[in-house]
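What follows is a set of notes on a single structure, which appears directly below.
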Amino acid sequence: MTLYDELLAGLGDQGVEQIAGMLGTDTLTARKVIEAVSGTIVGGMARNATHPDGADALRGALDDHMDADPFNGDVASLTRDGHSILGHVLGGQGTEQAAAQLSQLAGVNSATIMKLLPLIAPMIMSLLANRAASRDMDAEAVADDLSREESAIPGGLGELLASLLGGIFGGAAVPRQAGPYDPYHDPMRSEREVAPGRSNPDW
């Protein structure tokens with residue numbers, strides 16, 4: 001079972017219906033949008049984890065999400081945590097870039113995608129945290145698992161997301177990322193130069 005499958009199971013029919021209402025679409029379209037959004041987040045994590053220090057930082061961050069229940073959490077706190085996660089995974093500009101491209105792909109307003117991204121991100125983190133704990137996965141195993149998850153994204157969507165992530169991670173300037181999961185940090189306020197194709201691993 002992929003993280004996307006686990007995500008749908010966690011949301012249940014009611015959760016998918018709520019997201020469909022938020023998107024202004026039917027549930028079938030909502031599932032496709034959720035798949036694209038979750039694939040973007042998983043792909044971003046996979047790319048961060050290709051670097052040993054990035055993988056170590058992610059593995060440490062997963063421990064902080066072990067006892068979380070984002071599927072029944074408060075939307076405001078969930079969104080704050082989600083923005084923090086996205087700051088680490090994609091950077092502020094990268095998150096906006098992803099939302100713009102996903103909105104074109106899904107035919108949904110980019111502002112709505114910007115609301116959905118931080119709701120889905122903590123769910124992915126929680127699912128990955130539980131998987132890592134149950135399988136006693138170290139940082140390298142988490143990185144390998146994320147790579148398999150990215151490879152499992154269906155062909156057409158996988159190619160689109162690979163192009164999207166290539167655009168985000170291919171540039172020389174990546175927004176400076178947040179400290180250790182400070183939910184009130186705005187990753188879009190400050191930037192610094194980092195190595196091409198690499199985001200700051202200090203979660």
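Note: hydrogens, waters and symmetry copies are ignored here, and every other heavy atom, side chains too, is used.
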CZ of Phe71 to CG of Leu7, rounded to nearest 0.5 Å, is 5.5 Å
Candidate pair Phe169 and Leu90, rule side chain to side chain contact (heavy atoms under 4.5 Å, CB included), full reasoning:
CA-CA 8 Å; Phe169 287 86; Leu90 300 173; 4.1 Å; yes
Ile168 and Thr95: side chain to side chain contact (heavy atoms under 4.5 Å, CB included), yes or no, with the steps?
CA-CA 9 Å; Ile168 293 172; Thr95 301; over 6 Å; no
Kindly compute the distance separating CG (Leu119) from CE (Met22), expressed to the nearest 0.5 Å.
5.0 Å
Considering non-hydrogen atoms only, spot the tightest contact between Met66 and Ala133 and give its length.
SD-CB, 3.4 Å
Do Asn48 and Leu58 touch side chain to side chain, with heavy atoms closer than 4.5 Å?
no
Hydrophobic clusters here meaning ILVMFWY residues chained together by side-chain heavy-atom distances under 4.5 Å, can you tell me if Met45 and Leu157 are in one?
yes
Considering only heavy atoms from C-beta outward, does the side chain of Leu164 approach that of Leu102 to under 4.5 Å?
yes
Run the side chain to side chain contact (heavy atoms under 4.5 Å, CB included) check on Arg47 and Glu150 step by step: do they pass?
CA-CA 10 Å; Arg47 293 185 186 227; Glu150 189 176 18; 3.6 Å; yes
Going by the side chain to side chain donor-acceptor pair (under 3.5 Å) test, which pairs reach into residues 102-121, not counting sequence neighbours?
none
Between CG of Leu8 and CG of Leu3, what distance do you get to the nearest 0.5 Å?
11.5 Å
With sequence neighbours excluded, residues passing side-chain hydrogen bond (donor to acceptor under 3.5 Å, both in side chains) with Asp5:
Thr2
How about Leu128 and Leu146: do any of their side-chain heavy atoms sit closer than 4.5 Å?
yes
Which residue pairs pass the side chain to side chain donor-acceptor pair (under 3.5 Å) test when at least one of the two sits in residues 122-131, sequence neighbours left out?
Glu6-Arg131, Arg131-Asp145, Arg131-Glu149
What salt bridge (Lys or Arg N to Asp or Glu O under 4.0 Å) pairs are there with at least one residue in residues 68-79, not counting sequence neighbours?
none
Tell me which pairs pass salt bridge (Lys or Arg N to Asp or Glu O under 4.0 Å) where either residue lies in residues 12-24, with sequence neighbours left out.
Asp13-Arg31
Which is it for Leu78 and Met123 under the side chain to side chain contact (heavy atoms under 4.5 Å, CB included) test, yes or no, and what are the steps along the way?
CA-CA 9 Å; Leu78 194 66; Met123 297 177 184; 4.2 Å; yes
Using 0.5 Å steps for rounding, measure from the CD1 atom of Ile19 to the CD atom of Gln14.
11.5 Å
Does anything in residues 153-164 pair up under salt bridge (Lys or Arg N to Asp or Glu O under 4.0 Å), and if so which pairs, sequence neighbours excluded?
none
Going by heavy atoms in the side chains, are Ile34 and Val37 under 4.5 Å from each other?
no
Using 0.5 Å steps for rounding, measure from the CD atom of Glu35 to the CD1 atom of Ile153.
7.5 Å
Could you tell me which residues satisfy side chain to side chain contact (heavy atoms under 4.5 Å, CB included) with Ala141, sequence neighbours excluded, listed by chain and number?
Met137, Asp138
Please find the pair of heavy atoms, one from Ala36 and one from Leu105, that lie closest to each other, and give the distance.
CB-CD2, 4.1 Å
How long is the gap from CD on Glu96 to CD1 on Ile113, to the nearest 0.5 Å?
14.0 Å
Can you name the side-chain hydrogen bond (donor to acceptor under 3.5 Å, both in side chains) partners of Thr27, sequence neighbours left out?
none
Side chain to side chain contact (heavy atoms under 4.5 Å, CB included) partners of Thr29, counting only residues at least two apart
Thr25, Asp26, Val33
Closest non-hydrogen atoms of Ala49 and Ala143, given as atom of the first, atom of the second and distance, are O-CB, 3.5 Å
Residue set satisfying side chain to side chain contact (heavy atoms under 4.5 Å, CB included) with Ala121, at least two apart, ordered chain then number -> Ile41, Ile85, Leu86
Hits for side chain to side chain contact (heavy atoms under 4.5 Å, CB included) against Asp136, two or more places apart or cross-chain, chain-then-number order -> none
